[in-house]
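Note sheet for the following structure.
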Amino acid sequence: MIEGAVKCLDHGFVKLLDVMGDDKAIVDAARISVSGENVKTVSEDTALIRYLMRHRHTTPFEMVEFKFMVKAPIFVIRQWFRHRTASVNEMSARYSELPEEYYVPEVNQIRLQAIGNNQGRDTAVMDDAADLQDDFDNESDSAFTEYQYRLKLCMSRELARINLPLSTYSQFIWKQNLHNLLHFLALRMDSHAQYEIRVFADALAGFVKAAVPITWAAFEDYRLNAMTLTAHDIKALKQIFNGQLLGSVDFPTKRELDEFLEKAKKLEFI
Ligand SMILES: Cc1cc2nc3c(=O)[nH]c(=O)nc-3n(C[C@H](O)[C@H](O)[C@H](O)COP(=O)(O)OP(=O)(O)OC[C@H]3O[C@@H](n4cnc5c(N)ncnc54)[C@H](O)[C@@H]3O)c2cc1C
């Protein structure tokens, strides 16, 4: 394990390489945009950062940048790289031989398909999870045996690697400004994101929290632990407050109704 890195899954890690800026840089950037005006009302740094976060005045958060080194399975990286607003350099399996490192899920993660959530896994661990874990291991192991055999034949590395599994680990450098990084974290720390990328997002979050604690607290309060109410949600909540039956609110889809019920449960209204 590289010094200072946070271990993620079985062979992965996240390491902070560099940070440019801090909470003060955000405040300084915000204040320059109102110089010449009466800035006394937002004179306190914490209050200003919290105001910016609440009202989505986002550009001051772009003044802070983070650079990470990450080692993650390719299926995690595939989701990760959908976030287009970062600068990335990934190791090349055309230039160098890949070490035999692949992800094998822990037994307690080998679960059934979730019923309510098409994208997720259930809470129930599969009966034969230990055997299935061995299968994951054996399949990846034999793919690597073939890979190494092809390399021994002097096959080009770019071709020899094409049948390696999505569980194979790769490494990359990832540079992202704080605004876009928080957007990434809001999506990838969420319970709807796949468990494996959440592990990495949680590790990133630890570094962000330490570097910009005031911004992080505001992010938790106004984004991570906040919720959005749709027009239909508000109508339904008004009805609940007035003691009326919920059934009269016409949610456009059953899914939206279910999402509202989830929010209402969180608010302990139902
Ligand atoms: C739980 C979950 C499930 C997902 N499921 C799927 C799936 O099934 N299939 C799938 O393909 N993807 C899926 N995604 C990926 C998702 O659609 C986004 O591609 C990903 O989350 C990156 O988000 P983003 O575009 O906001 O981020 P970034 O690419 O970092 O962009 C940040 C913001 O910049 C702006 N922006 C960036 N590029 C453009 C552009 N070209 N045009 C306009 N605005 C731009 C947008 O405002 C965007 O929100 C899933 C994501 C999550 C979190």
Side-chain angles (χ1 to χ4, degrees), residues 8-9 12 14 16-21 26 29 52-70 72-90 103 105 109-123 165-167 170-209 211-212 215-216 218-220 222-230 233 253-263 265-266:
C8 299
L9 305 179
V14 167
L16 180 64
L17 296 180
D18 214 348
V19 186
M20 186 188 79
I26 297 161
L52 295 170
M53 184 69 74
R54 264 197 323 281
H55 294 277
R56 307 222 170 193
H57 290 199
T58 53
T59 43
F61 298 106
E62 294 172 21
M63 300 302 162
V64 180
E65 297 235 330
F66 288 77
K67 186 161 74 177
F68 294 100
M69 185 177 189
V70 181
I74 289 169
F75 72 93
V76 168
I77 295 176
R78 190 166 168 173
Q79 296 179 349
W80 199 308
F81 286 3
R82 296 302 309 280
H83 296 262
R84 298 155 289 176
T85 48
S87 303
V88 180
N89 270 112
E90 186 182 2
Y103 170 61
Q109 284 300 327
I110 301 180
R111 305 190 194 165
L112 294 166
Q113 170 62 43
I115 293 165
N117 171 4
N118 285 338
Q119 289 196 332
R121 64 194 81 163
D122 206 290
T123 48
L166 288 176
S167 57
S170 182
Q171 291 190 42
F172 61 97
I173 306 286
W174 197 64
K175 185 169 77 67
Q176 178 68 293
N177 73 49
L178 179 58
H179 167 61
N180 290 317
L181 177 52
L182 293 177
H183 178 65
F184 174 95
L185 293 176
L187 292 172
R188 300 302 179 177
M189 290 173 76
D190 188 89
S191 61
H192 295 93
Q194 182 163 347
Y195 162 75
E196 284 79 7
I197 197 166
R198 271 191 277 139
V199 169
F200 286 88
D202 288 345
L204 293 174
F207 288 114
V208 177
K209 186 177 180 177
V212 285
T215 299
W216 184 262
F219 173 64
E220 282 190 328
Y222 305 128
R223 185 88 192 260
L224 214 50
N225 301 326
M227 68 171 69
T228 305
L229 296 177
T230 67
D233 291 345
T253 59
K254 173 164 181 325
R255 191 174 201 166
E256 280 193 49
L257 170 63
D258 290 343
E259 286 171 11
F260 168 73
L261 294 174
E262 241 181 74
K263 292 175 200 174
K265 256 187 219 152
K266 217 169 167 184

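Counting starts at 1 for both ligands and their atoms, following the listed order. It should be emphasised that the depicted structure is a prediction, and the values quoted were computed from it without experimental measurement.
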Revision key, fill the gap. Nearest heavy atom to atom 40 (C) of ligand 1, choosing from Arg198, Arg78, Arg84, belongs to Arg84
Check your understanding: Looking at ligand 1, does any of its N/O atoms fall within less than 3.5 Å of an N/O of Thr85?
Key -> yes
Point to revise | Short side-chain to backbone donor-acceptor contact, Gln113 and Gly120, under 3.5 Å | key: yes
Practice item. Determine if the distance from atom 17 (O) of ligand 1 to the closest protein heavy atom is below 4.0 Å. Key: no
Check your understanding: For atom 10 (C) of ligand 1, is some protein heavy-atom partner under 4.0 Å away?
Key -> yes
Review point. Does atom 47 (O) of ligand 1 have a protein non-hydrogen atom under 4.0 Å from it?
Key: no
**Study point:** Test item: protein heavy atom less than 4.0 Å from atom 53 (C) of ligand 1
**Key:** yes
Review point. For atom 1 (C) of ligand 1, is the nearest protein heavy atom under 4.0 Å away?
Key: yes
Revision key, fill the gap. Checking heavy-atom distances from atom 51 (C) of ligand 1 to each of Arg188, Gln79, Arg82, the winner is Arg188
Exercise for review: Check each atom of ligand 1 against the heavy atoms of Leu187 and keep those under 4.0 Å away; list them by number with element.
Suggested key: 21 (O), 23 (O), 53 (C)
Exercise for review: Could you check whether the rings of Trp216 and Phe219 sit parallel, tilted or perpendicular, using 30° and 60° as the cut-offs?
Suggested key: tilted
Exercise for review: Show the numbers, then the answer: is there a side chain to side chain contact (heavy atoms under 4.5 Å, CB included) between Ile77 and Phe200?
Suggested key: CA-CA 10 Å; Ile77 295 176; Phe200 286 88; over 6 Å; no
Review point. So, Asp190 versus His192: side-chain donor-acceptor pair below 3.5 Å or not?
Key: yes
Check your understanding: Any luck finding a side-chain donor-acceptor pair between Ser170 and Glu90 under 3.5 Å?
Key -> yes
Practice item. On the 0 to 90° scale, with breaks at 30° and 60°, tag the Phe75-Tyr103 ring pair as parallel, tilted or perpendicular. Key: tilted
**Study point:** Under-4.0 Å protein heavy-atom contact, atom 44 (N) of ligand 1
**Key:** no
Study note, to complete from the structure: atom 6 (C) of ligand 1 has as its nearest protein heavy atom Gln119 NE2, 4.2 Å
Practice item. Please work out which of the three classes, parallel, tilted or perpendicular, describes the rings of His83 and Phe184, given edges at 30° and 60°. Key: perpendicular
Check your understanding: For atom 26 (O) of ligand 1, which protein heavy atom lies nearest, and how many Å away is it?
Key -> His183 NE2, 2.6 Å
